[in-house]
Amino acid sequence: MARVPELPEVESVRRQLRPRLVGRRILAVDAVSRGRLHDVARAAGHRVLDVRRRGKYLIAPLDGGLELVGHLGMTGSFRMRGEDGWVPDAYVRASLRLDDGVLDFRDVRRFGMLRVTPAGDYSAMSTLARLGPEPLSAEFDPVGFHRRLASTRMPVKPFLLSQRPVAGVGNIYADEALWRSRVSPRARHVGRLRARALWAAVREVLAEAIEREGTTFRDYRLVDGQGGRNGGHLRVYGRAGLPCVRCGRPLAKTVVGGRGTTYCRVCQRR
DNA sequence: CTAACTACCTGAACGC
DNA sequence: TGCGTTCAGGTAGTTA
């Protein structure tokens with residue numbers, strides 16, 4: 001089962017992190033793990049100005065022209081030391097010592113990332129550098145989305161997961177949006193009407209999941225340790241073999257672009 | 001330039 | 001019970 005933080009999960013974490021961090025000074029960063037922690041010690045002495053999000057990336061501008069960029073990977077979470085009964089365990093990869101507490105970055109599988117970089121310099125993060133528009137912003141429009149889909153021969157699902165046509169869609173919400181818009185995950189040509197339907201579906205599934213503070217299967221946790229409430233609302237992800245709620249036929253499970261993919265063979269024809 | 005591959009990581013689920 | 005194998009998956013790096 002999945003536990004992948006995608007845009008709604010990262011946005012929910014951002015909303016809890018922001019009031020805890022803005023205005024705080026980072027005294028030091030203790031990097032416990034040798035994993036994907038880059039230049040994190042450079043954050044020492046700098047004050048947090050904001051906590052923003054682009055796609056699945058958390059971006060905290062610091063004074064002095066720096067940014068702390070974070071990615072939860074598969075299993076990353078942030079917890080405040082001593083809040084809600086949180087006690088650090090063996091999976092804490094880095095700890096930010098603040099002027100009023102300690103923020104722990106916990107990450108079982110070490111796919112998460114923390115990096116301090118000059119503001120706006122994403123040259124070491126190619127996906128962030130080439131990230132598509134925010135799905136819930138006006139820059140994400142159906143005409144431009146259709147144009148982007150027509151610019152590649154990749155199957156639509158792997159193209160969505162590349163983060164280039166739109167930011168923040170991962171495996172769960174890709175399957176959900178494709179099912180809603182009746183687009184086959186393997187489609188290499190998406191017409192204007194189907195592109196518009198997919199555009200609307202992407203926005204709907206993400207907005208609804210944000211309202212429920214994300215989808216939790218196991219590892220994803222909010223800063224207060226709670227899980228999201230979107231799990232019971234998924235229509236296809238994790239429901240392989242169960243009946244499609246639209247047509248009643250069993251949902252199929254396959255692999256597209258190397259990813260497990262659940263879809264309806266009847267509703268989502270090419 | 002794009003697209004397709006692989007490595008990274010480790011607990012859970014599965015098979016015998 | 002216990003051990004080995006397979007699976008999950010986002011990103012970055014490499015190769016074609």
Side-chain angles (χ1 to χ4, degrees), chain A residues 1-11 13-14 31-40 53-59 69-78 89-94 105-115 117 121-132 135 147-178 185-190 202 206 209 214-221 227 231 234 236-241 253-263:
Chain A
M1 262 316 142
R3 40 266 187 214
V4 188
E6 304 182 27
L7 186 148
E9 291 71 35
V10 178
E11 175 62 19
V13 169
R14 186 195 74 83
V32 181
S33 165
R34 289 190 214 90
R36 299 176 179 178
L37 304 171
H38 309 279
D39 302 320
V40 289
R53 179 191 56 72
R54 271 290 279 138
K56 305 173 198 173
Y57 293 81
L58 289 162
I59 302 178
V69 180
H71 197 292
L72 299 178
M74 299 276 296
T75 54
S77 62
F78 288 100
D89 61 14
Y91 302 114
V92 171
R93 308 306 183 190
F105 179 58
R106 179 179 191 267
D107 185 18
V108 172
R109 292 195 183 171
R110 304 182 207 244
F111 275 28
M113 180 271 298
L114 288 180
R115 178 188 294 272
T117 185
D121 177 7
Y122 306 139
S123 52
M125 297 168 281
S126 57
T127 302
L128 177 56
R130 307 183 56 196
L131 202 59
R147 196 161 45 228
R148 280 173 182 259
L149 292 183
S151 73
T152 181
R153 288 187 179 186
M154 286 175 72
V156 62
K157 179 174 174 182
F159 190 48
L160 283 175
L161 296 183
S162 77
Q163 308 299 302
R164 282 179 283 152
V166 61
V169 176
N171 207 37
I172 295 174
Y173 299 112
D175 279 4
E176 293 298 316
L178 289 165
R186 288 198 177 84
R188 291 176 187 270
H189 300 284
V190 180
V202 165
L206 294 178
T215 302
T216 295
F217 281 94
R218 187 175 302 113
D219 292 311
Y220 161 67
R221 284 290 178 275
L234 299 181
V236 282
Y237 192 89
R239 298 194 67 246
K253 177 85 183 263
T254 184
V255 175
V256 180
R259 309 277 168 218
T261 299
T262 307
Y263 72 111

At under 4.0 Å, does any side-chain N or O of [X] touch on OP1 or OP2 of [N]?
| X | N | value |
| --- | --- | --- |
| A/Y57 | C/dA12 | yes |
| A/H71 | C/dG10 | no |
| A/R110 | B/dT10 | yes |

So [X], base contact, sugar-phosphate only, or nothing? Heavy-atom distance under 4.0 Å.
| X | answer |
| --- | --- |
| A/M125 | sugar-phosphate |
| A/K157 | nothing |
| A/F159 | nothing |
| A/R259 | base |

inquiry  = Heavy-atom nearest nucleotide on DNA chain B for A/R188 versus A/Y91: which residue maps closer to 5'?
reply    = A/R188

message = Consider side-chain hydrogen bond (donor to acceptor under 3.5 Å, both in side chains). Of A/K157, A/R259, A/E176, which one does A/N171 pass it with?
response = A/K157

ask   = With under 30° as parallel and over 60° as perpendicular, where do the rings of A/F78 and A/F105 fit, or are they tilted in between?
value = tilted

request  = Compute whether any side-chain donor of one residue and acceptor of the other, for A/T254 and A/R186, lie under 3.5 angstrom apart.
outcome  = yes

message = So, under a plain 3.5 Å distance rule, would you say the side chain of A/R36 forms a donor-acceptor pair with the base of C/dA12?
response = no

ask   = Do A/F111 and the base of C/dT11 stack face to face, with centres under 5.5 Å apart and an angle between planes under 30°?
value = no

